[in-house]
Protein chains: 2
Amino acid sequence: MEKKLEIFSHFEECPVRKVLNRCGDKWSVLILLVLGEVDNMRFNKLHKTIGDISQKMLTVTLRTLEADGLIKRTVFPEIPPRVEYEITERGKSLLVHINKLVDWAEENMEDIMESRAKFES
Amino acid sequence: MEKKLEIFSHFEECPVRKVLNRCGDKWSVLILLVLGEVDNMRFNKLHKTIGDISQKMLTVTLRTLEADGLIKRTVFPEIPPRVEYEITERGKSLLVHINKLVDWAEENMEDIMESRAKFES
DNA sequence: AACATTAGTTACTTGAAAGTAAGTATCTCA
DNA sequence: TGAGATACTTACTTTCAAGTAACTAATGTT
């Protein structure tokens with residue numbers, strides 16, 4: 001009998017995939033990294049800090065991060081409006097692992113770039 | 001003076017992003033997880049194990065993983081052809097961190113699903 | 001002679017993520 | 001009086017990752 005890999009049956013409905021898919025989009029990880037460095041940050045400050053994100057994608061990504069409980073959104077009923085975003089404990093616990101990945105990428109990127117260059121030839 | 005977030009200047013050329021982007025695609029992580037469980041695996045066995053990947057995407061993803069030195073491809077000059085894929089040491093070192101993320105996702109997915117449900121209402 | 005096997009390639013299509021640009025509400029300040 | 005600030009929303013367009021399906025080479029098998 002062959003060894004079975006149970007993990008991968010019905011993988012399309014896999015909840016792990018559902019959760020991790022959100023780490024694979026273009027902006028979520030970056031926003032978490034930024035909010036992990038500060039107490040909180042307002043919308044426009046985030047926009048300027050990241051630089052190349054559109055307002056729309058900033059809004060969309062912040063909403064999904066909020067929906068997952070990774071960041072907290074606080075509205076101050078002032079005019080002009082003030083909205084502050086901060087990372088939650090859950091977000092911080094994820095960020096620990098993301099930072100490990102970033103460290104790994106920094107440690108290995110030279111070797112990887114070299115591998116890619118070799119591979120093309 | 002405000003605190004600067006150096007990490008994010010010129011982020012589009014950021015090598016960390018270049019490396020981690022490949023973790024964000026649909027199949028790379030899954031293939032690494034499979035190859036992390038066995039000594040090696042042939043193309044068609046991988047295809048059947050994953051189930052819902054197309055031949056094309058399996059080829060494409062294996063090629064990029066190979067280009068990054070995360071897996072090794074060995075061709076045996078037989079007919080019909082035999083090609084074996086195995087994870088490299090570099091791939092294993094990445095997999096450690098990926099598995100941490102998977103563990104985190106498993107630990108937190110219930111809470112996250114609950115948060116998402118609440119958020120929609 | 002035709003079918004199976006293996007590990008692909010090729011050409012075309014689709015769909016979802018992301019981008020663009022303009023509009024919105026409300027107040028303050030010059 | 002009209003321009004600026006803030007945090008968006010909306011409608012439309014683009015892009016590219018991924019999917020589909022057919023084709024390939026070389027040999028062994030019936």
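Chain letters run A, B, ... following the sequence lines, proteins first and then strands; every chain starts at 1.
Lys26(B) has a side-chain polar atom (N or O) that falls below the 4.0 Å cut-off from OP1 or OP2 of dG19(D). Here Arg63(A) reaches the OP1 or OP2 of dC8(D): one of its side-chain N or O atoms lies under 4.0 Å away. A sub-4.0 Å separation between OP1 or OP2 of dA7(D) and a side-chain N or O of Arg42(A) is present.
Separating the CE atom of Met57(A) from the C1' atom of dT13(D) is a distance of 15 Å, rounded to the nearest angstrom. Protein atom CZ of Arg82(B) is 16 Å distant from nucleotide atom C1' of dG28(D), rounded to whole Å. Following rounding to the nearest Å, His47(A) (NE2) and dA5(D) (C1') show an atom-to-atom distance of 15 Å. Distance Leu46(A) CG to dA7(D) P: 10 Å, rounded to the nearest Å. The distance from atom NZ of Lys56(B) to atom C1' of dT6(C) is 20 Å, rounded to the nearest whole Å. Distance, Leu58(A) CG to dG19(C) C1': 14 Å, rounded to whole Å. Ile53(B) has its CD1 atom 12 Å from the P atom of dT20(D), to the nearest Å. One interatomic measurement links the two molecules: CG of Asn44(A) to P of dT6(D), which rounds to 5 Å at whole-angstrom precision.
Among the atoms of the strands shown, only primed sugar atoms or phosphate atoms (P, OP1, OP2) are found under 4.0 Å from some heavy atom of Tyr85(A).
Considering only heavy atoms from C-beta on, Arg63(B) comes within 4.5 Å of Phe119(A) through its side chain. Side-chain atoms of His47(B) and Ile53(B), non-hydrogen and from C-beta on, do get closer than 4.5 Å to each other.
The only member of Thr64(B), Asp68(B), Thr61(B) that meets side-chain hydrogen bond (donor to acceptor under 3.5 Å, both in side chains) when paired with Arg22(B) is Asp68(B). When each of Leu32(A), Leu58(A), Ile50(A) is tested with Trp27(A) by the rule side-chain contact (heavy atoms from CB on, under 4.5 Å), just one qualifies, namely Ile50(A).
Each of dC8(D), dT27(D), dA11(C) was ranked by its minimum atom distance to the side chain of Ile79(B); first place goes to dT27(D). Residue Asp25(B) has its side chain nearest to dA18(D) when only dA5(D), dA7(D), dA18(D) are considered. Taking only side-chain atoms of Pro81(A), from C-beta outward, the nucleotide of dA18(C), dT26(C), dT6(D) with the closest atom is dT6(D). You'll find that the side chain of Pro80(A) is closest to dT6(D), out of dT10(C), dG19(C), dT6(D).
In the hydrophobic clustering of this structure, Met109(B) does not group with Val96(A); members are Ile, Leu, Val, Met, Phe, Trp, Tyr whose side-chain heavy atoms approach within less than 4.5 Å, directly or through other members.
With the nearest nucleotide of DNA chain C identified for both Thr59(B) and Lys48(B), Lys48(B) has the one nearer the 5' end. Take the nearest nucleotide of DNA chain C for Arg73(B) and for Gln55(A): the residue whose nucleotide is more 5' is Arg73(B).
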